[in-house]
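Presented below is the structure to which this report refers.
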Amino acid sequence: MKFCTCLSPEPVRFSAYPFKGDFAQNVESIRNIGFDGIELIVRDPGTLNQDAIIKLVHDAGMDIPAIGTGLAWGEEGLSFTDPDPEIREKAVQRIFAHVPLAAKAGAVIVVGLLRGIVRPEVDPKTADEWMFEGFSRCCRHASDEGVRIAFEPINRYETSLLNGVDEGLEFIAEVGGDNLGMLLDTFHMNIEEPSIEKSIQKAGDRIFHFHYADSNRWYPGAGHLDFHSILTSLKDTGYSAYLSGEHRPDPEPAEAARMGLENMKKILGELQ
Ligand code: LER
Ligand code: MN
């Protein structure tokens, strides 16, 4: 398994990204801390100099294993389940726009917050149908370009649409397609799963990407999650891709990222 952490080339408000601010400087710090890659957090790929960003990360000797898309929800309010059909369409088109970037970077596209929430005026069944339609269209489109999509179960306080691994697995099976899998995030799992380890086991080879944060969403080691048993379960599934640090920047960004990486590498080393 390799390690990356989340970084955006533009300003973000989301509290669980360790690094904010100057992109090039952060790429250098992340490399110096010892990460192997950057999970690129992108609001709208059309506004970026994609080749320059990919080159900057590659020149630093790192990969871009994943692209996070939640900023389009957080900063612009786009979602697959908005009552306004134009906004739903914009959300789908936004994922379509990520596909060429993901193909160039060799990244999986993460779809988490962009599924949206059930608005008070919308029947939950209708929201489910819109979400299904959004994912189905995006997966078909991405599949044509050989790009994979990772659906992220998110805890109940952020959305009522698909919080746990069991319902997530049912959903991805319904949508179908080999290019749709899951992103498991230990912070959400700690809230939703009866057993984090058993849910990892169930998700098995459908795990396309993995976010780590401790119970308090600080770096691993700052809370009370048992990363030894979590990583044992993950390793047992045969997962060999990236572990991505998505946690708060406290007490200080570089220190939080370094402590998280150090603790995770130590545990992983003990398993080998
Ligand atoms: C949201 O809480 C989350 O975990 C992120 O991965 C954003 O999509
Ligand atoms: Mn996450």
Side-chain angles (χ1 to χ4, degrees), residues 39-46 65-74 76-119 121-156 158-185 188 192 199 202-211 241:
E39 176 175 335
L40 201 61
I41 307 301
V42 176
R43 185 182 55 79
D44 182 354
I67 295 171
T69 61
L71 288 187
W73 161 254
E76 287 178 73
L78 301 190
S79 87
F80 289 170
T81 53
D82 195 281
D84 181 342
E86 266 182 40
I87 294 181
R88 296 202 296 278
E89 184 60 28
K90 261 194 178 172
V92 169
Q93 293 298 330
R94 184 60 60 84
I95 296 298
F96 285 8
H98 280 281
V99 171
L101 170 61
K104 268 191 276 185
V108 60
I109 298 175
V110 172
V111 184
L113 292 168
L114 201 72
R115 64 163 135 333
I117 57 173
V118 184
R119 305 264 185 202
E121 68 272 34
V122 174
D123 171 31
K125 274 213 174 88
T126 308
D128 285 346
E129 284 163 19
W130 287 337
M131 180 170 62
F132 182 84
E133 191 194 323
F135 273 94
S136 302
R137 289 180 62 200
C138 291
C139 287
R140 274 199 304 273
H141 186 89
S143 169
D144 294 343
E145 307 298 323
V147 168
R148 297 186 307 155
I149 291 186
F151 164 75
E152 182 179 27
I154 287 181
N155 79 76
R156 69 192 67 187
E158 294 180 54
T159 182
S160 59
L161 291 161
L162 295 181
N163 308 119
V165 169
D166 281 347
E167 17 171 25
L169 285 169
E170 264 175 46
F171 176 71
I172 65 167
E174 272 168 38
V175 173
D178 288 345
N179 69 326
L180 179 60
M182 308 259 276
L183 157 58
L184 300 188
D185 180 325
H188 301 303
E192 296 296 338
S199 297
K202 280 191 218 165
D205 65 1
R206 302 319 293 165
I207 308 173
F208 284 2
H209 194 52
F210 199 85
H211 280 165

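Note that these values count all heavy atoms, side chains included, but never hydrogens, waters or copies made by symmetry.
- Going from atom CG of L40 over to atom CD1 of I109 covers 11.5 Å, rounded to the nearest 0.5 Å.
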Run C138 and V111 through side chain to side chain contact (heavy atoms under 4.5 Å, CB included) and show every step you take. CA-CA 10 Å; C138 291; V111 184; 6.0 Å; no
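- Judged purely by atom type and a 3.5 angstrom limit, N179 has no side-chain atom pairing as donor or acceptor with the backbone of I149.
- Contact of the I41 side chain with the L71 side chain is registered, since non-hydrogen atoms from C-beta on lie closer than 4.5 Å.
- Inter-residue side-chain proximity for V147 and H141 is flagged as unmet; no heavy-atom pair is nearer than 4.5 Å.
- Side chain of H209 to main chain of L183: no donor-acceptor pair is present (N/O by atom type, distance under 3.5 Å, no hydrogens or angles).
- In plain terms, the two heavy atoms of A203 and L184 that are nearest each other are CB-CD1, 4.0 Å.
- Side-chain contact between L114 and I95 is present, with heavy atoms from C-beta onward closer than 4.5 Å.
- The side-chain heavy atoms of H188 and P153, taken from C-beta on, include no pair separated by under 4.5 Å.
- By the 30° and 60° cut-offs, the orientation of the rings of F151 relative to F171 is tilted.
- Minimum interatomic distance between W73 and G116 (heavy atoms only, all atoms of both residues): CZ3-CA, 4.0 Å.
- The OG1 atom of T126 sits 12.0 Å away from the CE atom of M131 when rounded to the nearest 0.5 Å.
- Considering CG of N155 and OG of S160, their distance stands at 11.5 Å, rounded to 0.5 Å.
- In terms of modelled atom types and a separation under 3.5 Å, the side chain of R148 and the main chain of S143 share no donor-acceptor contact.
- Between the OG atom of S136 and the CD atom of E129 there is a distance of 11.5 Å, given to the nearest 0.5 Å.
- R137 is listed as a side-chain neighbour of Q93, based on a closest heavy-atom distance under 4.5 Å.
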Step by step, work out the side chain to side chain contact (heavy atoms under 4.5 Å, CB included) result for T159 and L113. CA-CA 8 Å; T159 182; L113 292 168; 6.0 Å; no
Pair R115, E152 - check salt bridge (Lys or Arg N to Asp or Glu O under 4.0 Å), show working. CA-CA 10 Å; R115 64 163 135 333; E152 182 179 27; over 6 Å; no
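- With ring centers used as reference points, F132 lies 6.0 Å or more from F80.
- A salt bridge is absent between K90 and E76; no separation between the charged side-chain nitrogens and carboxylate oxygens falls under 4.0 Å.
- With hydrogens and angles disregarded, no donor-acceptor distance shorter than 3.5 Å links the side chain of R88 to the backbone of T81.
- Across all non-hydrogen atoms, the minimal contact from I67 to A107 is CG1-CB, 3.8 Å.
- For the pair F208 and A150, the tightest heavy-atom approach, listed with the atom from each and the gap, is CB-CB, 4.0 Å.
- Residues L101 and V42 have side chains in contact (heavy-atom distance under 4.5 Å, counting atoms from C-beta outward).
- For the atom pair E89 CD and D82 CG, the distance stands at 12.5 Å (nearest 0.5 Å).
- Here R140 pairs with nothing under the side-chain hydrogen bond (donor to acceptor under 3.5 Å, both in side chains) rule; sequence neighbours left out.
- Residues P83 and R119 share a closest heavy-atom pair of CD-CG, 3.6 Å.
- Expressed to the nearest 0.5 Å, how far CE of M182 lies from CD1 of I172 amounts to 5.5 Å.
- Within a 6.0 Å radius of CG in D178, no more than 12 heavy atoms belonging to other residues, nucleotides or ligands are found.
- Side chain of N163 to backbone of I154: a donor-acceptor contact under 3.5 angstrom is found.
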